[in-house]
Asks: 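The structure's right below; bear with me while I get my questions together.
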Amino acid sequence: MRGLPAVHRLLGEPAVAAYGALLGGVALTRLAREVLDAERARIRDEGGAPAPHAELVARLLTRLADEESAGLVAVVNAAGVLVHTNLGRAPLAAEALEEITRIGAGYSNVEFDLREGVRGSRYERVNALLREITGAEDAVVVNNNAAAVLLVLDTFAKGREVVVARSQLVEIGGGFRIPDVLRKSGCALVEVGATNKTYLADYARALTPETALLLRCHTSNYRIEGFTHEVGAGELSALGCRVGIPVVEDLGSGTLVDLTRYGLPGEPTVQQVVEAGVDLVTFSGDKLLGGPQAGIVVGRRALVSRLRANPLLRALRVDKLTLAALAATLRLYAQPDALERIPLYHLLARPVERIEALLESVRARLAGRIAADLRVEESLAFVGGGSLPTTTIRSRALAVHPHHGDAETLALRLRENRPAIVGRLEGNEVLLDGRALRDDDVEAVHDALARILG
Ligand SMILES: *Cc1c(COP(=O)(O)O)cnc(C)c1O
């Protein structure tokens, strides 16, 4: 037992000490004690000499890495999914990050009217941008799109009926199911149509004195194809207008630009849905908008005013950093040619030849120097984030076939790297898709492969 090092000797190792800033000295000491206690218990039970110093350090480093990954860790997204909910959805534009730093470092007029010197609204600037970009009369921003839907239902439909097409009763990831959300909001769901076909007459027949809303939901993550019919936003809005019942559309991703310019199918934009006459449109801030997590509702002034007057808004509101980042992102939409400063659109616009060149540079530098076969091959990436579920984007992947051990182990080592690298497994290869890789990420991939397989 006397051969075991003292706690402070383990803590003095540079690789261990490097975790001090991340985890704090108390956690470091606790974990070092745990490693030594475990070794003491082992010697007591099994006898024999203590593990060598380097081995104890290695064990401590594993514990430290585990502890660290319980917090947020930067990830290189080589999964080939641009808006990956598990990987934090949209990366933020430099402009948004600068604004977070500028506003977050000090005080701001978040709820202060600088002209009058009195309490003001935190939403004014972002609302003005949303009105300008979407053409809607007014807007409100909450914590996420789920909260936006909840706020709309609570404001207009509590204790009343909401009519939804059967084909649109979607479940988003994380247990967000339209029927459950309606029930939670105290609304009665009135399903209309068949799974594949819904007509305007189905909605019209479902109307009762208790009908509060006509709700359209974007079928974000699935497609019903073949013998189908849906009622368009314009048609449903005309019905709503005639009978005096608001029409709401949960647009999910809510793109603000025509995606066909990136070779993607034409998703209805927020502007088009507003133009079609839908009274309230809800969408996410961190899907195809490419901003921070937020839920946005745009629509008619009188209806948005009622949302704003709902006491629930206080519980769903966003903080100043989100507002700062959202406003900065929206400003890029309001400027000509600034769209590709939003990382998502930069990555979507990047020619496949450029991705090939980036991956090829990694392959050429590592070829023959690491214990793996490397190949740059064709790949198909996805937009993700519950949008365009069946649409693929041309891409390239670096296929890594390790000489020793299996691909699962390599994938694990890549995830343990910092930044962590998340790819796809296919057979006995790890595929690292280049579509979502930023230029810096390419170097991180090179360095990780050199270290792990070198
Ligand atoms: C993603 C999505 C939501 C949930 O949005 P969050 O911003 O994740 O809360 C709700 N409805 C639809 C149709 C979606 O695609």
Asks: Check the surroundings of atom CZ in R317: do more than 12 heavy atoms from other residues, nucleotides or ligands lie under 6.0 Å from it?
Replies: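 Enclosed.
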Asks: What closest approach, in Å, do R396 and S379 show between heavy atoms, and which atom pair accounts for it?
Replies: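 Taking every non-hydrogen atom into account, C-CB, 3.8 Å.
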Asks: Is the CZ atom of R418 crowded by more than 12 outside heavy atoms at less than 6.0 Å?
Replies: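 Yes, enclosed.
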Asks: Would you call the rings of Y333 and Y345 parallel, tilted or perpendicular, taking 30° and 60° as the class edges?
Replies: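 Correct class here is perpendicular.
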Asks: Is there a side-chain contact (heavy atoms from CB on, under 4.5 Å) between D138 and R308? Walk through the geometry before answering.
Replies: CA-CA 11 Å; D138 205 353; R308 216 175 269 127; 3.0 Å; yes
Asks: Please give me the minimum heavy-atom distance between L316 and A147, naming the atom from each residue.
Replies: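 Nearest pair, atom of L316 first, then A147: CD1-O, 3.7 Å.
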Asks: Ignoring hydrogens, what is the shortest heavy-atom contact between S220 and G252? Give both atom names and the distance.
Replies: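 Result for this residue pair: OG-CA, 4.3 Å.
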Asks: Show the numbers, then the answer: is there a side-chain contact (heavy atoms from CB on, under 4.5 Å) between D406 and N428?
Replies: CA-CA 6 Å; D406 52 23; N428 201 24; 3.9 Å; yes
Asks: Tell me if the CD atom of E124 is crowded by more than 12 foreign heavy atoms within 6.0 Å.
Replies: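 No, CD of E124 has 12 or fewer neighbouring heavy atoms, counting only those of other groups under 6.0 Å.
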Asks: Please name the pair of heavy atoms, one in V83 and one in D286, separated by the smallest distance, quoted to 0.1 Å.
Replies: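 Heavy atoms of V83 and D286 come nearest at CG1-O, 3.9 Å.
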Asks: Sub-3.5 Å donor-acceptor pair from the side chain of S361 to the main-chain atoms of L358, do we have one?
Replies: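 Confirmed, S361 side chain pairs with L358 backbone.
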Asks: Is any side-chain heavy atom of L339 closer than 4.5 Å to one of R261?
Replies: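 With C-beta onward as the side chain, the pair touches.
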Asks: Walk me through whether V75 and R415 qualify under side-chain contact (heavy atoms from CB on, under 4.5 Å).
Replies: CA-CA 8 Å; V75 169; R415 292 198 303 274; over 6 Å; no
Asks: Under 6.0 Å from the CD atom of E378, do we count more than 12 heavy atoms belonging to anything else shown?
Replies: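 Incorrect, the count does not exceed 12.
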Asks: Side chains of R331 and E95: does their closest heavy-atom pair fall under 4.5 Å?
Replies: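 When only atoms from C-beta onward are counted, E95 and R331 do not touch, as no gap falls below 4.5 Å.
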Asks: Looking at residues at least two apart in the chain, or sitting in another chain, which of them share a side chain to side chain donor-acceptor pair (under 3.5 Å) with D250?
Replies: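 By the side chain to side chain donor-acceptor pair (under 3.5 Å) rule, D250 matches N145, T282.
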Asks: Flag the pair F382 / T392 as yes when at least one side-chain heavy-atom distance between them is below 4.5 Å, and no otherwise.
Replies: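 Side-chain contact under 4.5 Å: yes.
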Asks: Between CG of N221 and OG1 of T390, what distance do you get to the nearest 0.5 Å?
Replies: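 Between atom CG of N221 and atom OG1 of T390 there are 11.0 Å.
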Asks: What are the two closest non-hydrogen atoms of P179 and V170, and how far apart are they?
Replies: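 In terms of heavy atoms, the two residues are closest at CD-O, 4.4 Å.
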Asks: Between H53 and E13, is a side-chain contact (heavy atoms from CB on, under 4.5 Å) present by the stated rule, with each step listed?
Replies: CA-CA 10 Å; H53 184 76; E13 287 291 329; 2.8 Å; yes
Asks: Heavy-atom count check: over 12 atoms from other residues, nucleotides or ligands less than 6.0 Å from D45 CG?
Replies: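 Yes.
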Asks: Look at atom CZ of R394 and say whether more than 12 heavy atoms of other residues, nucleotides or ligands are closer to it than 6.0 Å.
Replies: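 No, the 6.0 Å shell around CZ holds no more than 12 heavy atoms from other groups.
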Asks: I'd like to check H218 versus S253 (side-chain heavy atoms, cut-off strictly below 4.5 Å). Are they in contact?
Replies: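 Result no, sub-4.5 Å side-chain heavy-atom pair not found.
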